[in-house]
Structure formats: C-alpha cells, structure tokens
Amino acid sequence: MNKIKNFVAKVGIARFIIALFLLSLFIAAPAAGISVKSSLENVIARFGMFAILVLSLIPMIESGCGLNFGIPIGIVAGILGAVISLEFNIAGFGGIFLAMLIGATIGVVFGFVYGLLLNKIIGDEMLISTYVGFSFTAFMCIAYVFLPFKNPVSVLSYGGTGLRQQIPVGDYWMKNIQNSTGGVNSVGLLSDFLSFDLFGVRIPIGMLLFFALAAILVWGLFRTKTGTAMSVVGSNYEYAKASGINIKKVRLEAIVLSTAIAAVGIVVYQQSYGFIQLYQAPASFTFQTVASILIGGATLNKAKISHVIIGTLLFQGVITLTPTVINGLLSIDVSEVMRLIITNGMIVYALTRRIDND
C-alpha cells in the first residue's frame, strides 16, 4: 500500500487521475463501437503533431520567462516558411525541410524582437506575451491579404491575391497509402518515414524520431554553458545577477530559441494534418501547448523533456478519445460540446494549479 501511495505521490495525483481516465476511455471504446487500435493510432499521431510545439516552451520556462503564451509568433514564422516553400514548388522532404529552415530563420528574427520586448517588462512576461501573441495573430490576418504570393494553391482563387484560410499540402508533403480496409489514406511524408504496423497500429516512426532528435538537442543544450546559464537565471534571478551572468542576453537567447523551435514544430504539424492553417488558427495552439506541459508536471520556471512527453500524451489522448467514446455510448452527437468541456477544463486545471503542488 505504501508503494502505491509513494508511486502516486511521485507521479502526481492529478496526472494519475487523468491517466486512469484515459485508460478507462480505451477500455470503454469497444462498447462504444470504436476500434481501440484506431484510437491508439490517433493518439500517437496527435502526440507526434504537437510534441515539438510543446517542447518549444522549455527554453523560455527554464530561463524564467514563464509560460510562452506568445507561441503564435513562432507558429506564424513556421506558416510563412511553409508558404514560401510552396511558392518555390519544391515537393517531398526537400520542401518540408526548406519550410523548416525558412520558418526557423524567420522565427529567429521574430524571436529577437519578441525577446527585446519581454526584456523590458521582466516579471510580467506571461501577461504581456498573451496580448502580443493574439495581437500579432490579428496583425498577420491583415498581412496575409497583401503578401505577394502567386502559387495557385496558396492564393484565393476568386481574386488571385491574398492567402487562403487553409492551404492544402497534399501534393507537396503527403503520399497516398492503402489502409487495411482497401481504402486510401493520405499521410505526411515525415510521418510515414520508416513507419510500420505494430499489432495493427500504424506507428509514425519518422515523426517520432524527429521529435526525439529535437528533444535530444534541447536536452544537450541544457548541458552546455549557455543552457546552464538559462537554468540559473530561471531558478534564482538574484544569484544569476550576482554571478555576473548577462541576464537579458540569456533570456533573449532562450526566447529566440523557443520561437525558432515553435516554427519547426508547426511545419511538422502541417505535414501530418495536410493543411497550412492561417489567419486566427495560430492562436488556437496557445493554451493547448501550455496546458500540456503543465499537466506533464512543469512549473513556472522548471520544465523537462519528460514533462513534454507525459503532458502531451495525456492531454491529446483525453481530448481525442473523450468525444468519440461518449458519442458512441450515448448515440448522440455531443462531440464538439464534450471537446470544449474537456479541453477547457484541463486548461483551467493546468493554469490554476499551484506551482509547488500537483
């Protein structure tokens, strides 16, 4: 009994309850007429889609800049990188990695300006970043109408100018594969790379390997002098100041890095989802990513790779399975209502829990 209590205390009572709820959804899925294999496949796929976006929060949290509610800035950078890549008509892995490269470069520029702003309001980063993220998203809604893109896939068909609400990437970054029922599914090239079926569940090895590589690079960063300085600034501001660390420079580096990683993360999401989502779409990622890392166990100034993995799996698992299982059990369509209740409920929990207690 003591071992169970110790395990629950180590994991965290909230995460333990959410994990049990997720397990109960998998158990109830067959009774609702839902395939456990397809449900597990969807959860794994959504984990791969969101994991790098959640990972991008770590540098800012570790450097004491708080939760990055300004993540739409990095997402917009990735969107611009993706649209520019399509403008060059480069398909396949070359197009995907070009989008990542351009997006990360734009993310460095955006992150530098964003960092200069946050360095002027130390202590109020989370409040200001929320306004900055939503304001920048709104500003880009205007910019998308005037940006001089010409690719017919990207621009509005009736006017020939301005970018679409959703830009399909199926002809560029996806391939068609035959599923188990004889039908055809479109999957992202990165997602399908080295993928295989395990007991009937499609494992997107390419996407998971790419996240693993990104996670190793972030982990390695915090074993360097720069990464250690970020952690010191986040853990003890006064000690860092007394140690002679250039606090504003370290914070600026962390913000730039977070923004660039978010730009890469949204490209991974896009190639799996099949569309580049513009206009107000970037703002919808803010609370999902922040809630995921908090549910995983992160605090306002401490975050680990394990928090990213656990939080993303739990959050995406619950919001993916809950609507479909409840729809099947009740035989009525309440998927959107349940999705909103569960998603916002988990976000409220994540944002209001005490930072020193689960």
Side-chain angles (χ1 to χ4, degrees), residues 45-46 48-50 52-53 56 70-111 113-114 133-177 184-193 206-207 210 259-286 288-289:
R46 287 184 66 87
M49 292 165 66
F50 279 88
I52 295 181
L53 289 170
S56 73
I71 194 173
I73 297 172
I75 291 174
V76 167
I79 288 172
L80 292 175
V83 177
I84 293 172
S85 175
L86 296 189
E87 194 72 9
F88 290 126
N89 277 305
I90 300 176
F93 284 105
I96 294 174
F97 290 118
L98 178 62
M100 291 180 181
L101 177 61
I102 296 174
T105 303
I106 297 173
V108 168
V109 177
F110 285 178
V113 178
Y114 180 38
F134 282 97
S135 298
F136 189 69
T137 301
F139 168 77
M140 288 305 299
C141 289
I142 301 172
Y144 293 140
V145 178
F146 298 101
L147 291 175
F149 290 101
K150 300 299 182 183
N151 190 328
V153 173
S154 304
V155 300
L156 293 166
S157 57
Y158 59 82
T161 58
L163 294 172
R164 300 184 181 188
Q165 176 72 32
Q166 289 194 114
I167 300 173
V169 297
D171 294 336
Y172 291 87
W173 300 349
M174 305 186 80
K175 62 184 288 188
N176 294 326
I177 61 171
V184 176
N185 291 337
S186 293
V187 296
L189 291 174
L190 182 60
S191 303
D192 189 61
F193 180 68
M207 194 158 53
F210 191 80
T259 308
I261 294 174
V264 173
I266 196 61
V267 176
V268 175
Y269 176 93
Q270 290 162 351
Q271 64 82 36
S272 180
Y273 183 65
F275 292 91
I276 301 170
Q277 297 174 290
L278 292 83
Y279 296 92
Q280 289 294 332
S284 66
F285 291 90
T286 303
Q288 290 194 57
T289 53

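The first residue in the sequence is number 1, and the count goes up from there. Quick caveat: nothing in here was measured; it's all calculated off a predicted structure.
- Side-chain contact between Arg164 and Phe149: absent, with no pair of heavy atoms (C-beta onward) separated by less than 4.5 Å.
- Side-chain atoms of Ile84 and Ile106, non-hydrogen and from C-beta on, do get closer than 4.5 Å to each other.
- Taking all atoms of both residues into account, the shortest heavy-atom contact from Ile71 to Ala262 is CG1-CB, 3.9 Å.
- When ring centroids are compared, Phe110 and Phe136 come within the 6.0 Å threshold.
- In this structure, the separation between CG on Leu190 and CE on Met100 is 5.5 Å, given to the nearest 0.5 Å.
- In this structure, the side chains of Leu147 and Leu80 come closer than 4.5 Å at one or more pairs of heavy atoms.
- For the pair Gln271/Val169, no side-chain contact is recorded, criterion being any heavy-atom separation below 4.5 Å from C-beta on.
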- Working for side-chain contact (heavy atoms from CB on, under 4.5 Å), residues Asn89 and Tyr172: CA-CA 8 Å; Asn89 277 305; Tyr172 291 87; 2.8 Å; yes
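- Under the side chain to side chain contact (heavy atoms under 4.5 Å, CB included) rule, Ser56 has a single partner from Val264, Ile261, Thr289, which is Ile261.
- With values rounded to the nearest 0.5 angstrom, Leu278 atom CG is found 8.5 Å from Ser154 atom OG.
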- Show your working on side-chain contact (heavy atoms from CB on, under 4.5 Å) between Tyr144 and Leu156 and close with a plain yes or no. CA-CA 11 Å; Tyr144 293 140; Leu156 293 166; over 6 Å; no
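- Atoms CE and CD, on Met140 and Gln280 in that order, are 12.0 Å from each other to the nearest 0.5 Å.
- The distance from the OG atom of Ser85 to the CH2 atom of Trp173 is 5.5 Å, given to the nearest 0.5 Å.
- Separation of atoms CG (Leu98) and CG (Leu86) is listed at 9.5 Å; rounding is to 0.5 Å.
- Of all heavy-atom pairs spanning Val268 and Gly48, the tightest one is CG1-O, 3.9 Å.
- A 4.5 Å side-chain heavy-atom check between Ile96 and Gln270 finds every atom pair outside the cut-off.
- Centroid-to-centroid, the aromatic rings of Phe193 and Phe210 stay 6.0 Å apart or farther.
- Considering all non-hydrogen atoms of both residues, Gly92 and Leu189 come closest at CA-CD1, 3.3 Å.
- Looking only at distances, no side-chain donor or acceptor of Tyr114 sits under 3.5 Å from a matching main-chain atom of Gly107.
- Heavy atoms only, all atoms of each residue included: Ala45 and Met207 are closest at O-CE, 3.5 Å.
- A pairwise comparison of heavy atoms in Ala263 and Ala77 identifies CB-CB, 4.0 Å as the closest pair.
- Contact of the Ile167 side chain with the Val83 side chain is registered, since non-hydrogen atoms from C-beta on lie closer than 4.5 Å.
- Atom CD1 of Ile266 is separated from atom CZ of Phe285 by 4.0 Å, given to the nearest 0.5 angstrom.
- The number of heavy atoms from other shown groups lying within 6.0 Å of CZ (Phe88) does not exceed 12.
- Nearest heavy atom pair, residue Ala283 against residue Pro72, reads CA-CG, 4.1 Å.
- Residues Ile75 and Leu53 meet the side-chain proximity criterion, which asks for heavy atoms closer than 4.5 Å.
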